[in-house]
Amino acid sequence: MSRLAVERRLVEIADELGDLQYDMGPIRPPNEGGGHSLLIRATRNCPWRLCAFCYGTPYNREKFERRPVEEVKRDIDCVKDITDLLYEASQLLGLGGAIDMRVARSLISINPALAHSHSFVNAFMWIAHGGRTVFIQDADSLIIKTHELAEIVRYILEVFPQVERITSYARSRTIYSKKLEELKELREAGLRRLHIGLETGDDELLKYVNKGVTAQQHIEAGRKAIEAGLELSLYVMPGLGGKKWWRQHALNTAKVLNEINPHYVRMRTFVPKPGTPLYQEYVEGAFQLLSPHECLREIKLLVENLEIEGRLCFDHFINPCFKGNIPIFRQSYEGYKLPEEKDVILKTIEEALEVDESQHRWTRELVGTPYI
Ligand code: SF4
């Protein structure tokens, strides 16, 4: 191909890429971020929208929608078209099919709008990182018919056979309502991990924050998912019970986690979020946040009572920090292995408790910041 023909084709490719768009939801777990995971949206928004600390605000409280399977498949085809064009551009640029920043820079220099195209950026980053993980959005994908979600999962693997891990958010209440056979069907289709907001194992607190699930339902849902062969990543909110319920929050959460024995527990310290009922209570003084030492004591009580064999992770900046946002705990996505590293966590807490509270970051400092 002549140089002129190559340049003409690259212009065509950059234009075509600008027209290729697929739907994408606003959030995903941090370990699915950084461009590592392809985001495929099976539903839009949250079907519950009533948890007092969240209220569906990550989705702007927009109405929940199920997407037709054919529409989701078209999105997957769209990603395939984008990645095919990226490979072609790489060949034309003499890079032998390698997808890296040189390909992105060349295409963006031709069509600057690509730098602002969420679809281009997500698909490019995903394939540049090896194209191995996919996250299905939004808040509770398992609420759609099991055979439909299984069809979507199978289609992802058919179009992208190199994919090694497909994960999704789910509500415990939804998993609780599914039959074991349905979860097994999803596992067999290729779904591998569920991210579930447990928040607390205390029934009084679950009711107070309107989670729509009981501790027993959390337990049965978690056990069923594990029995079906799915990996479980459960999110817990230190501080959610405030000064009133911190002790029962810690003890009952440990109890529920022990009953489930999940693969991962991910800590997400509670920070009141504007637009939610719990924020309103905080502003009115009805809800009192824990101080840094109180929050650490709550986590200590939880950890002391934990008997799981999974990993405990503090993989988010909202977890306890010293001033200057210096994290107290290890921040990796793999966290601490339990029970082997239980003493390491407890020692870390003891040392942090020796540091005066004035040298800690207080949760109130995070209220209203753009990332909350
Ligand atoms: S189910 Fe999840 S997304 Fe929906 S309101 Fe509760 S915490 Fe928010």
A.B. asks: Decide, yes or no, whether a salt bridge links Glu151 with Lys145 under the criterion of side-chain N to carboxylate O below 4.0 Å.
C.D. replies: no

A.B. asks: Is the shortest side-chain heavy-atom distance between Phe329 and Leu312 below 4.5 Å?
C.D. replies: no

A.B. asks: Going by an N to O cut-off under 4.0 Å, is there a salt bridge joining Asp75 and Lys80?
C.D. replies: no

A.B. asks: Are side-chain N/O atoms of Thr146 and Glu185 paired as donor and acceptor at under 3.5 Å?
C.D. replies: no

A.B. asks: Quick check: Phe270 with Phe287 (ring centres under 6.0 Å apart)?
C.D. replies: yes

A.B. asks: Strictly by modelled atom types, are Ser358 and Asp356 linked by a side-chain donor-acceptor pair under 3.5 Å?
C.D. replies: yes

A.B. asks: Under the side-chain hydrogen bond (donor to acceptor under 3.5 Å, both in side chains) test against Glu204, which residue among Lys244, His249, Gln248 passes?
C.D. replies: Gln248

A.B. asks: Taking side chain as C-beta onward, heavy atoms only, is His218 less than 4.5 Å from Leu206?
C.D. replies: yes

A.B. asks: Applying salt bridge (charged side-chain N to carboxylate O under 4.0 Å, His left out), name anything that partners Glu16, two or more places apart in sequence or on another chain.
C.D. replies: Arg9

A.B. asks: Under 4.0 Å between a side-chain nitrogen and a carboxylate oxygen: does that hold for Lys255 and Glu259?
C.D. replies: no

A.B. asks: Would Asn210 and Tyr55 count as having a side-chain donor-acceptor pair, cut-off 3.5 Å?
C.D. replies: no

A.B. asks: Are Arg266 and Ser233 close enough that a side-chain donor and a side-chain acceptor fall under 3.5 Å?
C.D. replies: yes

A.B. asks: For the residue pair Asp138 / Thr43, report whether a side-chain donor-acceptor contact shorter than 3.5 Å exists.
C.D. replies: no

A.B. asks: For the hydrophobic clusters of this structure (ILVMFWY residues joined by side-chain heavy atoms under 4.5 Å, transitively), does one cluster hold both Leu230 and Tyr264?
C.D. replies: no

A.B. asks: The criterion is side-chain hydrogen bond (donor to acceptor under 3.5 Å, both in side chains); which residues satisfy it with Arg173, sequence neighbours excluded?
C.D. replies: Ser177

